[in-house]
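What you are looking at is a predicted structure, and each value in this text was computed from that prediction instead of being measured.
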Protein chains: 2
Amino acid sequence: MSTATLPSATLPSDALAQRLADSGLRSTPQREVIYDVLLKKRDHPTADEVFARVKSELPTVSLATVYNCLETLVSCQLVRAVNFERGPTRYCPNLSPHAHFHDEQSGQTHDIELPPALLKKVHAVLPRGYDATSVEIIFRGKATRSSEQRAASSQPTRS
Amino acid sequence: MSTATLPSATLPSDALAQRLADSGLRSTPQREVIYDVLLKKRDHPTADEVFARVKSELPTVSLATVYNCLETLVSCQLVRAVNFERGPTRYCPNLSPHAHFHDEQSGQTHDIELPPALLKKVHAVLPRGYDATSVEIIFRGKATRSSEQRAASSQPTRS
DNA sequence: ATCATAGTTTGGAATGGTTCTAAATAGCAC
DNA sequence: GTGCTATTTAGAACCATTCCAAACTATGAT
Ligand SMILES: [Mn+2]
Ligand SMILES: [Mn+2]
Ligand SMILES: [Zn+2]
Ligand SMILES: [Zn+2]
């Protein structure tokens with residue numbers, strides 16, 4: 001997708017380097033691999049799961065570094081941290097406004113895109129005096145076969 | 001159930017006894033006091049805060065019991081557990097469909113009532129195949145003076 | 001009343017995700 | 001290269017919560 005003559009279109013890794021630089025931070029192998037891992041399999045992994053995936057590329061990485069880098073990516077606004085109840089924090093590189101659907105059976109988390117019109121209506125329930133900087137919407141329930149199929153077909157079947 | 005002339009109106013403590021009985025559980029002093037504490041000051045206290053408030057009435061209560069009773073109340077559907085990020089779980093006896101507004105400055109949590117029409121529109125963003133049993137909406141931001149006034153005036157000034 | 005049984009409370013230990021710490025390492029400016 | 005700072009690392013510490021096993025309590029059947 002999106003090649004050549006691109007004006008200032010951001011290749012994923014450049015976006016990372018750029019955002020880090022903007023915050024006065026350095027681009028490091030750990031940060032790059034961790035961000036790549038999040039982009040490659042967008043299943044809202046936990047820090048432990050990221051740790052496991054990163055290890056295969058950087059066998060000596062530490063769990064502390066995974067936490068550090070994830071926090072860095074979140075503070076650079078390249079990744080969102082997502083929490084369900086008191087479970088481990090999950091990480092999501094989808095920056096578009098979206099809600100999360102937590103499938104209680106499978107434990108899987110799905111992104112639900114939110115139309116701007118709906119976001120407006122949601123914000124409109126706030127009485128005067130409430131100034132919200134963000135809103136988070138979490139569905140809980142079960143996703144049936146047709147939604148699994150959607151998810152499966154929209155993502156390469158993984159080697 | 002529903003005794004004679006009563007329109008079936010439930011005194012708080014009866015509601016508790018009833019719900020517990022429905023679940024085959026006993027009404028105990030600890031459960032009653034903890035539920036009362038939640039009803040009396042509806043500021044979404046943590047288990048520790050509930051513990052402190054209950055101690056003045058039941059000086060020998062244990063923190064484990066507070067956790068046990070809160071879990072019992074949640075499983076009886078008399079209380080909702082509310083989580084913000086990875087902070088300690090907070091407890092809310094407001095059973096009407098409502099969102100939460102987390103004031104980042106003061107740390108206070110406010111209930112935002114949700115009209116059924118909005119809830120419908122929110123559920124409508126779910127694609128086919130997603131069957132949600134619940135939805136949770138959390139705002140984050142700051143509440144200005146006018147909302148503090150509203151909250152203050154709607155609740156007795158506390159002895 | 002007494003007893004048997006199951007439910008509940010309690011203090012303390014264990015858990016588990018996350019954060020902290022201090023030392024080692026790596027990148028950048030001069 | 002030298003010095004300076006950012007980053008990574010292993011392991012300890014943290015802390016909300018859960019687990020455990022022993023006391024205690026309510027219930028209801030004899
Ligand atoms: Mn789950
Ligand atoms: Mn806060
Ligand atoms: Zn997401
Ligand atoms: Zn509430």
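- Taking atom CG on Leu58(A) and atom P on dT25(C), their separation rounds to 17 Å, with Å as the unit.
- Among the nucleotides dT9(C), dT7(D), dT8(C), the one closest to any side-chain atom of Thr28(A) is dT7(D).
- For the pair Leu63(B) and Pro29(B), nearest-nucleotide mapping onto DNA chain D gives the more 5' position to Leu63(B).
- With the nearest nucleotide of DNA chain C identified for both Gly24(B) and Thr65(B), Gly24(B) has the one nearer the 5' end.
- When atom types are taken as modelled, the side chain of Arg53(A) and the backbone of Asp48(A) share no donor-acceptor pair closer than 3.5 angstrom.
- At whole-Å resolution of the value, CG in Asn83(B) and C1' in dC15(D) are 15 Å apart.
- In this structure, Ala64(B) and Ala64(A) both approach DNA chain D, and ranking their closest nucleotides by distance from the 5' end singles out Ala64(A).
- Rounded to an integer number of Å, the gap from CG of Asn68(B) to C1' of dT18(D) is 9 Å.
- Contact check on Arg140(A) versus Glu85(A) returns a salt bridge, with a Lys/Arg side-chain nitrogen under 4.0 Å from an Asp/Glu carboxylate oxygen.
- Nearest nucleotide to the Gln30(A) side chain, out of dT8(D), dT5(D), dA16(D): dT8(D).
- Put simply, Thr89(A) has no side-chain N or O that comes within less than 4.0 Å of OP1 or OP2 on dG17(C).
- Between the CZ atom of Phe84(B) and the C1' atom of dA16(D) there is a distance of 16 Å, given to the nearest Å.
- When the nucleotides dT17(D), dT18(C), dG7(C) are ranked by their closest atom to the side chain of Arg86(A), dT17(D) comes out on top.
- The OH atom of Tyr67(B) sits 18 Å away from the P atom of dT15(C) (whole-angstrom rounding).
- Classification of the His44(A)-His100(A) ring pair by plane angle, with boundaries at 30° and 60°, yields perpendicular.
- To the nearest angstrom, P of dC15(D) lies 17 Å from CZ of Phe51(B).
- Listed nucleotides dT9(C), dT17(D), dT8(D) differ in distance to Arg31(A); the shortest reach to its side chain belongs to dT8(D).
- The interatomic distance linking Arg26(B) (CZ) with dA26(D) (C1') rounds to 4 Å, in whole Å.
- Using a distance-only test at 3.5 Å, with no hydrogens or angles considered, a donor-acceptor pair links the side chain of His98(B) to the main chain of Ser96(B).
- Shown here is Glu71(A), whose CD atom has more than 12 heavy atoms of other residues, nucleotides or ligands within 6.0 Å.
- Checking dT10(C), dG17(C), dT8(D) against the side-chain heavy atoms of Pro88(A) singles out dG17(C) as nearest.
- Using a 4.0 Å heavy-atom criterion, one finds that Thr46(B) contacts no nucleic acid atom at all.
- When the P atom of dT8(D) is taken as reference, atom CG of Leu70(A) falls 11 Å away, rounded to whole Å.
- Mapped onto DNA chain C by nearest heavy atom, Thr60(B) and Arg90(A) fall at different nucleotides, with Thr60(B) at the one closer to the 5' end.
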